[in-house]
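Below, chains carry the letters A, B, ... as their sequence lines are ordered, and counting in each starts from 1. FYI, side chains are in, hydrogens and waters are out, and symmetry mates aren't considered; it's all heavy atoms of this structure. Not measured: the values here are computed from a predicted model.
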Amino acid sequence: MLQQTTVATVGPYFKRFLERWPDVAALAAAPLDDVLTEWAGLGYYARARNLHKCAIAVVESHGGRFPDDEAALRTLPGIGAYTAGAIAAIAFDRPAPAVDGNVERVIARHARVETALPKAKAEIAALVRPLVPSPGAGDFAQAMMDLGAMICLPRGPLCDRCPVAADCRARAAGDPEAFPRKAPKKARPERHGIAFWLRRPDGAVLVRRRPEQGLLGGMTEIPTTPWLETLWDAEDALGHLPVAATALGPVAGRIEHVFTHFRLTLTVLAGTSDRPAPADARWCPADELHAQALPTLMRKVVRHMEKRGTAGPLFAEDGSP
DNA sequence: AAAGCGTGGAT
DNA sequence: TATCCAAGCTT
């Protein structure tokens, strides 16, 4: 859960997750959709799919216990270089480096590594590995991460309180904030889509499961058009209407959302339908909507509609259809 | 091996 | 508002 996510954000998710699935066997036995529902809002949903796969692998291939060496851990789904090292060192006190973003920063400054991230990852891990004490690998891993999190800050590092300031090369050069070097990031394009808010006379809302792979994979969505860098023509959008509907009209306002690699603006087309749901979709009773595996973007759509009320055909605030 | 993959908080 | 950043991994 903590991969690319802050402790503060993870906290409540972690608690609920462990209450529901207290051990690997329980998680392995759970339906993926339940795991995704519990994960909804945390982001990077491949982590949830991988964690579930990982639990199954641990149960089926490792007798229900995590392996204690880096190489075996590294083969499990969702466990990469950092997580394998962290588990080996912290859970089993094996001499492995746990190099997260904090440690990368500490080392990049201490050795004044000129190679830019992410290319420098291997170089930095190679610098850490010989430093790992044994026993004590777990404490070392924690200490290095805490040094980065509390002293060797991204901006305004507290060098006066740093236990290794004396031989820090970036400190000596007076430019610690210039490290780690980073590859330039690319622009974030704007994309647009139209969401179809379709209700049955009994109030149920049409929802759909997204494909298992890719963005928001396996999560539940309010059906939308594809998300393109061009604005949608109303007529083109209707070609993506998932089920025949009546009283279709645009809803005032927009939903803005920022993903890692693009910005998205959704507008909503609301209507009514009494048809059976298509194969990849289902009618969700209104009072069950919030218990679905809705990612934050889709919760924004739901919130948007709840704010406006959902009775009858909807029109823009200026009265246009 | 560069690109894809979420979200919220801090500055 | 824009940018950065967070206990990274997979393809």
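The side chain of A/Arg49 contributes no N or O atom lying less than 4.0 Å from OP1 or OP2 of C/dT10. Taking only side-chain nitrogens and oxygens, A/Arg74 comes nearer than 4.0 Å to OP1 or OP2 of C/dT10. Put simply, A/Thr296 has a side-chain N or O that comes within less than 4.0 Å of OP1 or OP2 on B/dG8. For C/dA7, the OP1/OP2 oxygens have a side-chain nitrogen or oxygen of A/Asn102 closer than 4.0 Å. Taking side-chain N and O atoms only, A/His261 has a distance below 4.0 Å to OP1 or OP2 of B/dC5. A/Thr6 has no side-chain polar atom (N or O) that falls below the 4.0 Å cut-off from OP1 or OP2 of B/dT7. Residue A/Tyr44 places no side-chain N or O under 4.0 Å from the OP1 or OP2 atom of B/dG4. For A/His257, a side-chain nitrogen or oxygen approaches OP1 or OP2 of B/dT7 to under 4.0 Å.
Where A/Leu2 and A/Gln213 each meet DNA chain C at their nearest nucleotide, the meeting point lying more 5' is that of A/Leu2. Heavy-atom nearest nucleotides on DNA chain C were determined for A/Asp100 and for A/Lys185, and the one closer to the 5' end corresponds to A/Lys185. Looking at which nucleotide of DNA chain B each of A/Arg155 and A/Gly214 is closest to, the 5′-most match is held by A/Gly214. Both A/Phe262 and A/Pro118 sit near DNA chain B, but only A/Pro118 has its closest nucleotide nearer the 5' end.
For the pair A/Glu256 and A/Arg263, the salt-bridge criterion is not met [side-chain N within less than 4.0 Å of a carboxylate O]. The pair A/Glu70-A/Arg129 counts as a salt bridge, with a side-chain nitrogen and a carboxylate oxygen less than 4.0 angstrom apart. One finds a salt bridge joining A/Asp160 and A/Arg171 here, because a Lys/Arg side-chain nitrogen approaches an Asp/Glu carboxylate oxygen to under 4.0 Å.
Atom-to-atom, CG of A/Leu42 to P of C/dA6 comes out at 17 Å; the value is rounded to the nearest Å. Atom P of nucleotide C/dA6 and atom CE of A/Met150 are separated by 15 Å, given to the nearest angstrom. We find that CD1 of A/Ile79 is positioned 12 Å from C1' of C/dG8, with the value rounded to whole Å. Distance, A/Lys119 NZ to C/dG8 P: 22 Å, rounded to whole Å. Look at CE on A/Met1: it is 16 Å from C1' on B/dG8, rounded to the nearest Å. Between the C1' atom of B/dC5 and the CE atom of A/Met219 lies a distance of 13 Å, rounded to the nearest Å. In this structure, A/Arg47 places its CZ atom 9 Å from C1' of C/dG8, rounding to the nearest Å. Remark: P of C/dC5 and CD of A/Gln4 are 11 Å apart, rounded to the nearest angstrom.
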Margin query: As a quick check of understanding, evaluate ring-ring contact (aromatic ring centres under 6.0 Å, His included) for A/Phe259 and A/Phe262, giving each step before the final call.
Written below: CA-CA 5 Å; A/Phe259 288 106; A/Phe262 65 94; 5.0 Å; yes
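A/Gly41 comes within 4.0 angstrom of sugar-phosphate atoms only, judged by non-hydrogen atoms across all strands, and of no base. Nucleic acid contact for A/Lys182: sugar-phosphate only, since backbone atoms but no base atoms lie under 4.0 Å from a heavy atom of the residue. Contact annotation for A/Val258: base contact, defined as any heavy-atom pair under 4.0 Å involving a base atom. Residue contacts shown for A/Ala81 are limited to sugar-phosphate atoms, with no base heavy atom under 4.0 Å away. Residue A/Glu256 is out of contact with every strand shown, counting any heavy-atom pair closer than 4.0 Å. Looking at heavy-atom distances under 4.0 Å, A/Arg299 makes no contact with the nucleic acid at all.
Other residues, nucleotides and ligands place no more than 12 heavy atoms under 6.0 Å from the CZ atom of A/Arg169. The environment of CZ in A/Arg188 is crowded: more than 12 heavy-atom neighbours from other residues, nucleotides or ligands sit within 6.0 Å.
Comparing C/dA7 with B/dC5, their P atoms are spaced 23 Å from each other, to the whole Å. Between B/dG8 and C/dC9, the distance separating the two P atoms is 22 Å to the nearest Å. Comparing the same atom, C1', in C/dG8 and in B/dA1 gives a spacing of 16 Å after rounding to whole Å.
Of the candidates C/dC9, B/dG8, C/dA6, C/dA6 carries the atom nearest the A/Pro154 side chain, counting heavy atoms from C-beta on. Candidate nucleotides C/dA6, B/dT7, C/dC9 were compared by shortest atom distance to the side chain of A/Tyr45, and B/dT7 ranks first. Which of C/dA6, C/dA7, B/dC5 sits closest to the side chain of A/Leu215 comes down to B/dC5. In this structure, the nucleotide among B/dG8, C/dG8, C/dC5 sitting nearest to the side chain of A/Gln3 is C/dG8.
Atom CZ of residue A/Arg105 and atom CG of residue A/Asp100 lie 8.0 Å apart, to the nearest 0.5 angstrom.
Inter-residue side-chain proximity for A/Tyr13 and A/Trp39 is flagged as unmet; no heavy-atom pair is nearer than 4.5 Å.
A donor and an acceptor atom sit less than 3.5 Å apart, one in the side chain of A/Thr260 and one in the base of B/dG6.
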